[in-house]
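What follows is a structure written as structure tokens; I'll ask about it next.
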Amino acid sequence: MYNELIEYIAKVFLMHKAVKSCKYQDRVLINAQNNNPYAQVVIESSGAYAQWIKTANVFTLTLNINILGLPNDDFKICDIQSDCFQIGNEALAYIDNDPEYKSIISIYDYDFLSLDHYTDDNACGWRLSLELIIPNPVNLCINNDNFSEDNIPVEAEKPLDIISSK
């Protein structure tokens, strides 16, 4: 389910006419931008946060998404940030109104953090922290099929060494 969600969000950004590339990668790799076209979107592969809401049997999932452009003599930092902010908000509106996914995910909350001189090539834009409400991925009808006592490794049959804290 997580993979499908990431692919969907990437597809939404790639459908935007201003976006030239979208990646799913670790935040530390964002600085290695040398040959990537702009505007680009980077969905961070580490740092996502899922929290189960027991009373509703759903999760909230927080993703960090960087929307970046490259300033030059014609387009200053504020111009690029304005464009990237627009791209982010238009993608959110698309997600929020997509009839195919409206019954599956919904936007719960989001915030934007402006970025400048963010990469080695001085890209700038916005970091979007997006919080979605997603269904619980556990199918209770088949969940027990994923467990078997015959599957326990021999090493795990040894008693646990529990240390008492006095």
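Remember, it's a predicted structure, so these values are computed and weren't measured experimentally. In this chain, numbering begins with 1 at the start of the sequence shown.
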Original post:
Do W52 and V58 pass the side-chain contact (heavy atoms from CB on, under 4.5 Å) test, and can you show the C-alpha distance, the side-chain angles, and the key distance before you say yes or no?
Top reply: CA-CA 6 Å; W52 183 48; V58 295; over 6 Å; no
Original post:
Given side chains that start at C-beta, do those of I107 and I133 come closer than 4.5 Å, heavy atoms only?
Top reply: no
Subject >> Side-chain heavy-atom pair F59, P137 within 4.5 angstrom cut-off >> reply: yes
Original post:
CG of L61 to CG of L132: how many Å apart, nearest 0.5 Å?
Top reply: 6.0 Å
Original post:
So, N97 side chain and A93 main chain: donor-acceptor pair closer than 3.5 Å or not?
Top reply: yes
Original post:
What pairs of residues pass the side chain to side chain donor-acceptor pair (under 3.5 Å) test when at least one of them lies in residues 98-111, not counting sequence neighbours?
Top reply: E4-Y101, Y8-D98
Original post:
Looking at side-chain heavy atoms only, is the closest gap between L63 and S129 below 4.5 Å?
Top reply: no
Original post:
Do L92 and I67 belong to the same hydrophobic cluster, where Ile, Leu, Val, Met, Phe, Trp and Tyr are linked whenever their side-chain heavy atoms lie under 4.5 Å apart, directly or via other members?
Top reply: yes
Subject >> Rounded distance [0.5 Å steps], NE2 in H117 versus SG in C124 >> reply: 7.5 Å
**OP:** Give a yes or no on this: more than 12 heavy atoms of other residues, nucleotides or ligands lie within 6.0 Å of atom OH of Y2.
**Re:** yes
Original post:
Can L128 be reached from I6 by stepping across I, L, V, M, F, W or Y side chains whose heavy atoms are under 4.5 Å apart?
Top reply: yes
Subject >> SG-CD1 distance between C22 and I9, expressed to the nearest 0.5 angstrom >> reply: 9.0 Å
Original post:
From K20 NZ over to K17 NZ, what is the distance, rounded to the nearest 0.5 angstrom?
Top reply: 10.5 Å
Subject >> Atom pair CD1 (I53) and CD1 (I134), whose distance is rounded to the nearest 0.5 Å >> reply: 10.0 Å
Subject >> I105 side chain reached by L5 side chain, heavy atoms, under 4.5 Å >> reply: yes
Subject >> Residues L115, W126; criterion side-chain contact (heavy atoms from CB on, under 4.5 Å); working and verdict >> reply: CA-CA 5 Å; L115 306 169; W126 289 88; 5.8 Å; no
Original post:
Please, which pairs that meet side chain to side chain donor-acceptor pair (under 3.5 Å) have at least one residue in residues 69-89, sequence neighbours excluded?
Top reply: Q86-E90
Original post:
Less than 4.5 Å apart, any side-chain heavy atom of F13 and any of K11?
Top reply: no
Original post:
When rounded to the nearest 0.5 angstrom, what distance separates CG in N66 from NZ in K23?
Top reply: 12.0 Å
Original post:
Does a donor on one side chain and an acceptor on the other come within less than 3.5 Å for D26 and S45?
Top reply: no
Original post:
Same cluster for M1 and V12 if Ile/Leu/Val/Met/Phe/Trp/Tyr side chains link at under 4.5 Å?
Top reply: yes
Original post:
Would a hydrophobic clustering, with Ile, Leu, Val, Met, Phe, Trp and Tyr connected at side-chain separations under 4.5 Å, put F112 with L130?
Top reply: yes
Subject >> Side-chain heavy-atom pair I65, V41 within 4.5 angstrom cut-off >> reply: yes
